[in-house]
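Here's the structure, in structure tokens; my notes come after.
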Amino acid sequence: IRVTLLVTEDTGVTLSVLGTLGVTLPPPGTLADPVPSCPQAEAWLEEESRRRGWARAAAPGAARAREGLVGVLSEGSAAVMVEVGCETDFVARTPDFQQLVEMAARGVLGHCQGASGTKVGHLLREDELAQVRAGDGGDLLSDHLALAMGRLGERLALRRAGWLRAPGGFVATYAHGWVPPGPAVAMGTYGALVACGGPAGEPPSAELRELGRRVAQHVVGMAPTSLGTPEDELGGDSEPRLLAQGTLLEPGVPLGRYLREHGGLQVWDFLRFQCGEQPPQDSPPA
């Protein structure tokens, strides 16, 4: 089916669909006149976009969603990170795609805040993320994904998500990439969450929060795979332990020692995403 879209600015309803549904169309030469809103047509357009999106996702030989964005959102003592994939960088730069990333991040934040128990970190696989709802009583993220695929004309993927909590502390965040800062959900091609606390359980100062942000920036740049301990000695160039890596500001000093000597920031856990990478199989410890 090919639908020619003649859309009015204030209704977003196509004349061809209105005609299909039995709405009287204006005579030729009056396309600039307002077109009556038709909820029936709007619903049809949305359902058709969703249908085409699912068909695109299931198409054999469809391109893998290797591009995309990482979205980071924090609130209170918790923060979440999501990765949404697409086929091309062009689509990743569109407002519709970035709106999907923001919707996913907000949905995961609600999921995190509603999680029971004492778990302080969790990873959501693609199938779990698809079942998260976009807000209280909202549609599933999988439905919004299908709708976006139908509109954007590319295969998209809710690749993964994760969240960290820091009771008594805070979660530092950092997103690196070409998306300019501004919205509450920071976006880029890399992202990091770092669960931190002040010395002796003290409320974190502005200086410690800024130091936490720099640690999150370090995580993005140095790609550690484990935490280590504050007493670790300086490792080599391929050191995988975060606290044994040389700090970016003083490469000859291990990060654990640097934090002790600059306010006593404690690092409890971290999470790092790189857009397009193969996700690890293990979840952060509970």
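In this chain, residues are counted from 1 in sequence order. Values below: every heavy atom of this structure, side chains too, minus hydrogens, waters and symmetry copies.
Salt bridge E87/R155: absent, no basic N to carboxylate O contact under 4.0 Å. A salt bridge does not link E233 with R241: none of the charged nitrogens is closer than 4.0 Å to a carboxylate oxygen.
A 4.5 Å side-chain heavy-atom check between L193 and F270 finds every atom pair outside the cut-off. The side-chain heavy atoms of Q98 and V185, taken from C-beta on, include no pair separated by under 4.5 Å. Two residues are said to be in side-chain contact when any heavy atoms from C-beta on lie closer than 4.5 Å; R209 and F170 meet this criterion. Contact of the L158 side chain with the V132 side chain is not registered, since no non-hydrogen atoms from C-beta on lie closer than 4.5 Å. A heavy-atom distance below 4.5 Å is found between the side chains of L243 and L259. With a 4.5 Å cut-off on side-chain heavy atoms, C196 and W268 do not count as touching. Two residues are said to be in side-chain contact when any heavy atoms from C-beta on lie closer than 4.5 Å; R133 and H111 fail this criterion. Counting heavy atoms from C-beta outward, L123 and L271 have side chains that approach closer than 4.5 Å.
Under the 4.5 Å side-chain contact rule for hydrophobic residues, L234 and M222 do not share a cluster.
Atoms CG and CG, on L152 and L100 in that order, are 8.5 Å from each other to the nearest 0.5 Å. In this structure, the separation between CG on L145 and CD on E126 is 8.5 Å, given to the nearest 0.5 Å. In this structure, CG on L73 lies 12.0 Å from CE on M81, to the nearest 0.5 angstrom. Atom CG of L124 is separated from atom CD of Q131 by 11.5 Å, given to the nearest 0.5 angstrom. Considering CG of D232 and CG of L242, their distance stands at 10.0 Å, rounded to 0.5 Å.
Nearest heavy atoms, A161 versus L129: CB-CD1, 3.9 Å. Closest non-hydrogen pair, G169 versus S77, comes out as O-CB, 3.9 Å. When all heavy atoms of C86 and F97 are compared, the pair lying nearest together is CB-CE1, 3.7 Å.
Both the sub-6.0 Å distance and the 45° axial angle are not jointly satisfied by R213 relative to the ring of Y174. Cation-pi geometry between R160 and F273 is met: under 6.0 angstrom from the ring centre, within 45 degrees of the axis. Under a cutoff of 6.0 Å and an axis angle of 45°, R93 and W178 form a cation-pi pair.
Within a 6.0 Å radius of CD in E128, other residues, nucleotides and ligands contribute more than 12 heavy atoms. When the shell of 6.0 Å around NE2 of H176 is examined, it contains 12 or fewer heavy atoms from other residues, nucleotides or ligands.
Between the side chains of E83 and Q274, no donor-acceptor pair is found at a separation under 3.5 Å.
The closest donor-acceptor contact from the side chain of R272 to the backbone of V219 lies under 3.5 Å.
Residues forming a side chain to side chain donor-acceptor pair (under 3.5 Å) with Q245 (at least two apart in sequence, or on another chain): H218.
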_For V267 and L227: C-alpha separation, side-chain torsions, deciding distance, then whether side-chain contact (heavy atoms from CB on, under 4.5 Å) applies._
CA-CA 8 Å; V267 176; L227 182 60; 3.7 Å; yes
*Going through the distances and angles, do E154 and T88 end up as a side-chain contact (heavy atoms from CB on, under 4.5 Å)?*
CA-CA 8 Å; E154 278 196 9; T88 64; 2.4 Å; yes
*asked:* Between M187 and E102, is the side-chain contact (heavy atoms from CB on, under 4.5 Å) condition met? List the steps.
replied: CA-CA 9 Å; M187 300 181 198; E102 179 173 356; 4.1 Å; yes
